[in-house]
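For reference, the structure discussed in these notes is given below.
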Amino acid sequence: MEFFCYHRDRPGSSPLRQELLEDHWSYMDRYAREMIARGPTFAADGTTPTGSVHVVDLPDPAAARAFAFDEPNYQAGVYRDVLLRRWHNMLGRTMWDFPGGRTGGNRYLVLGLGAESAAEPALPADRDELIAYGPLLSDDGTTRLGTAALVRAPDRDTARAVLAADGHAAVEVHDWEFGGRRTVR
């Protein structure tokens, strides 16, 4: 089962996050084979961390909750909240398989929350810029609760347009970059 996990930082927690960086990476290294995508989000200044995205393939919702809430930054109070949802990988690849590579261009996390449609979202016509894409689902996988996308785009408005036709109650766009160690998936 695939899960989307977005830990949102508590304001002012950057020093603690930095102090725990090796603990965080070591924890994530244990899940390297299960990772579909990962990486930090940033404030408009491009340097202040605001959260951490992990898309991971785990056996069940209990394993996903353990993954999200045993994470060292969560345990230490870096994060203010966690969005954890079942997810369906509509691209069938990991971020490491993205043809655009790790660098180059602006990268964004686009979250469409409160989907008005029960149907699975349609893939956007321009798939070449999608790094990861799929619906956010209830624990049992039967109810669509939104859509999550990682996308390369020239700007926030272009990134947001990836979900424009999906009809969400709210859409969030966050600066994002590939995460993890350069040598470890």
Side-chain angles (χ1 to χ4, degrees), residues 1-9 28 31 33-42 50-71 74 79-100 106-153 155-180:
M1 291 180 189
E2 298 158 331
F3 294 88
F4 175 88
C5 181
Y6 183 36
H7 291 95
R8 296 175 195 259
D9 284 15
M28 292 303 160
Y31 294 93
R33 294 196 187 284
E34 292 85 6
M35 283 287 170
I36 296 167
R38 66 185 285 188
T41 58
F42 296 93
T50 59
S52 191
V53 173
H54 295 92
V55 183
V56 63
D57 190 357
L58 296 169
D60 54 46
R65 283 189 289 279
F67 168 83
F69 298 112
D70 289 346
E71 195 276 339
Y74 179 82
Y79 304 129
R80 69 176 168 94
D81 61 53
V82 179
L83 172 65
L84 179 63
R85 295 283 181 255
R86 288 264 312 261
W87 188 74
H88 172 64
N89 184 356
M90 293 182 67
L91 299 177
R93 66 177 186 223
T94 71
M95 72 179 203
W96 297 274
D97 300 322
F98 173 60
N106 301 320
R107 312 294 172 104
Y108 300 95
L109 163 63
V110 183
L111 289 174
L113 303 171
E116 296 171 8
S117 169
E120 187 164 85
L123 278 170
D126 185 7
R127 298 178 192 180
D128 294 342
E129 298 304 311
L130 295 177
I131 299 164
Y133 187 88
L136 298 170
L137 304 166
S138 59
D139 277 356
D140 65 5
T142 61
T143 304
R144 181 172 166 224
L145 304 172
T147 307
L150 298 172
V151 60
R152 179 174 62 181
D155 54 53
R156 288 173 160 266
D157 289 339
T158 304
R160 193 221 177 279
V162 168
L163 301 186
D166 282 344
H168 295 88
V171 175
E172 301 175 7
V173 180
H174 305 270
D175 291 0
W176 174 82
E177 69 179 34
F178 275 50

Results of side chain to side chain contact (heavy atoms under 4.5 Å, CB included) for [X] - residues two or more places apart only:
X	value
S138	D140, T142, T143, L145
D70	Y27, A66, Q75
A64	F3, L58, L84

By salt bridge (charged side-chain N to carboxylate O under 4.0 Å, His left out), which residues pair with [X], not counting sequence neighbours?
X	value
E2	none
R156	D175
D81	R8

Minimum side-chain heavy-atom gap [X]-[Y] below 4.5 Å:
X	Y	answer
F4	V53	yes
P135	M90	yes
D9	F42	no

Between E71 and M28, does a side chain to side chain contact (heavy atoms under 4.5 Å, CB included) hold up when you go through it step by step?
-> CA-CA 8 Å; E71 195 276 339; M28 292 303 160; 3.6 Å; yes

Listed partners of [X] passing ring pair (Phe, Tyr, Trp, His ring centres under 6.0 Å), at least two apart:
X	result
Y6	H174
F67	Y31, H54
Y74	F69

Supply the atom-to-atom distance D57 CG to N89 CG, rounded to the nearest 0.5 angstrom.
->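 Rounded to the nearest 0.5 Å, the CG-CG separation comes out at 9.0 Å.
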
Kindly compute the distance separating CZ (R86) from CG (D60), expressed to the nearest 0.5 Å.
->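 Separation between the atoms: 9.5 Å.
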
Using side-chain hydrogen bond (donor to acceptor under 3.5 Å, both in side chains) as the criterion, list what pairs up with D155, not counting sequence neighbours.
->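 Checked D155 against side-chain hydrogen bond (donor to acceptor under 3.5 Å, both in side chains); matches are T158.
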
Listed by chain and number, what are the side-chain hydrogen bond (donor to acceptor under 3.5 Å, both in side chains) partners of D139, not counting sequence neighbours?
->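 D139 satisfies side-chain hydrogen bond (donor to acceptor under 3.5 Å, both in side chains) with R65 once adjacent residues are dropped.
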
Where do L136 and W87 land on the side chain to side chain contact (heavy atoms under 4.5 Å, CB included) test, with the steps shown first?
-> CA-CA 5 Å; L136 298 170; W87 188 74; 3.9 Å; yes

Using the side chain to side chain contact (heavy atoms under 4.5 Å, CB included) rule, take H168 and L113 through it: C-alpha gap first, then chi angles, then the decisive distance, then the call.
-> CA-CA 6 Å; H168 295 88; L113 303 171; 5.9 Å; no

